[in-house]
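Let me begin by presenting the structure, written as structure tokens, before commenting on it.
Here the structure is a predicted model, which means the values were calculated and not measured.
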Amino acid sequence: MSQESVSMESRSLSMGVGMNARRMGLMWKIVGTLAGVIVLFGLLVLGVVNYLTGRALRAQLDQRALAIATTLSDAAAGHVIAKNSLELNALVTKYALLEGVAYAFVRDGRGEIVAQSLPVLPAEVREGSIDGRREAQRRELSLRGKAVRETRVPILGGQAGTAHIGMWGDAAEEEIRRALVPLLGIILALLAGGVVLSVVVARGIIRPILRLTEVAEKISKGDLETPVGVDTGDEIGDLAQSLGRMRASLKAAMARLSQDRNKTVGMKDQGEQR
């Protein structure tokens, strides 16, 4: 085998490898773009769902805390007036056993704590509980290193004291996680389906382009008989029709050139015979 033929084969091999690399590059560009858009949209949806779900669940937990504190206020009113500390302590202990409740305690009209669920109320719980208002209030504090959302409800309009219910802050986060896990699974499944769909779409776009590239390569090598075979009804189809017209024009031009050459050769032969 001559050096020239070896060089041509190596050139052809390198061109084929380069073409395959370009094909894969174009396909993965399309896949990457579509997948990126889908992933960004999915993350946006997840963020919106997380925000709206979190806000709704926190509002529900606040309403639940308010309902518990209001019930405790109503139930404790008579015992506070009667100064029945035994019944009050049993009452706040019962309410402290409810799910998500960190503590419960009751103050009388003078601000003194007359019943509590914890053996010792930390200073951060005692502080800032009384400000003279006669409507329900909320505040956030830390207990044992954990976040607590406390709801305060006046007893008998504040004349008999206040009832306090502290709810663990991580209870809201746990509820949010429970609600978001199924949604997260659905969104991830949709994202995976979107990526698969993007691969299918990319292959559908690339396939006719590869066919046109193959036909153009054959035409450049003098093969004018291979049909284009692409009819997609879009811009790629228009390109295929243009390539088909170019192939037909080249074929007709080659036929005319062959006929002219044959005529020239015939006339030359007749002149030589004379």
Side-chain angles (χ1 to χ4, degrees), residues 46-185:
L46 183 60
V48 172
V49 169
N50 181 44
Y51 172 74
L52 295 179
T53 303
R55 188 174 67 174
L57 288 176
R58 287 188 181 92
Q60 289 182 2
L61 290 175
D62 286 342
Q63 289 298 321
R64 179 171 177 264
L66 179 61
I68 293 173
T70 301
T71 305
L72 175 60
S73 172
D74 295 340
H79 299 303
V80 172
I81 294 175
K83 298 183 179 180
N84 192 341
S85 60
L86 183 62
E87 293 294 333
L88 278 174
N89 279 289
L91 188 64
V92 296
T93 300
K94 181 179 72 172
Y95 276 84
L97 294 176
L98 295 176
E99 183 181 2
V101 176
Y103 59 81
F105 66 93
V106 174
R107 291 181 185 269
D108 60 15
R110 296 174 299 176
E112 298 292 332
I113 297 177
V114 293
Q116 61 189 48
S117 62
L118 297 177
V120 178
L121 282 178
E124 59 266 30
V125 176
R126 291 175 175 272
E127 292 174 356
S129 296
I130 295 296
D131 59 5
R133 296 186 185 180
R134 295 179 177 272
E135 67 272 2
Q137 300 173 60
R138 292 189 180 90
R139 66 170 180 150
E140 296 185 2
L141 56 121
S142 178
L143 177 64
R144 301 169 190 166
K146 296 182 179 180
V148 174
R149 295 169 65 87
E150 181 185 296
T151 301
R152 164 190 177 273
V153 174
I155 300 174
L156 299 178
Q159 297 178 1
T162 53
H164 301 255
I165 291 290
M167 303 289 292
W168 292 115
D170 57 1
E173 302 303 323
E174 181 63 27
E175 290 292 333
I176 293 173
R177 283 193 293 270
R178 289 178 185 175
L180 285 182
V181 165
L183 292 175
L184 180 61

Counting only pairs under 3.5 Å, give me each side-chain donor-acceptor contact of residues 65-83, with atom names and distances, residues two or more places apart or in other chains.
residue	atom	partner	partner atom	Å
T70	OG1	L66	O	2.7
T71	OG1	A67	O	2.8
S73	OG	P154	O	2.9

Nearest-0.5 Å distance, CG of residue L98 to OG of residue S117: 10.5 Å

First locate atom CG of L118, then atom CD1 of I113, and finally report the distance between them rounded to the nearest 0.5 Å. 10.0 Å

Note, Q137 side chain near T151 side chain (heavy atom, < 4.5 Å): no

Of the non-hydrogen atoms in V125 and F105, which two are nearest, and what is the gap between them? CG1-CE2, 3.6 Å

Atom pair CZ/CZ of R107 and R126 - distance to nearest 0.5 Å: 7.0 Å

Mind running side-chain contact (heavy atoms from CB on, under 4.5 Å) on L143 and W168 for me, showing each step along the way? CA-CA 9 Å; L143 177 64; W168 292 115; 4.0 Å; yes

When rounded to the nearest 0.5 Å, the distance separating NZ of K146 from CZ of R144 is 8.5 Å

To the nearest 0.5 Å, tell me how far Q116 CD sits from L121 CG. 4.0 Å

Which heavy atom of H164 sits nearest a heavy atom of T162, and at what distance? NE2-OG1, 2.7 Å

Does the side chain of R64 reach to within under 4.5 Å of the side chain of M167, using non-hydrogen atoms? yes

Restricting to salt bridge (Lys or Arg N to Asp or Glu O under 4.0 Å), what partner residues turn up for R149, sequence neighbours left out? D62, E140

Return each pair, listed once, that meets side chain to side chain donor-acceptor pair (under 3.5 Å) where at least one residue sits in residues 93-104; pairs must be two or more places apart or across chains. Y103-E150

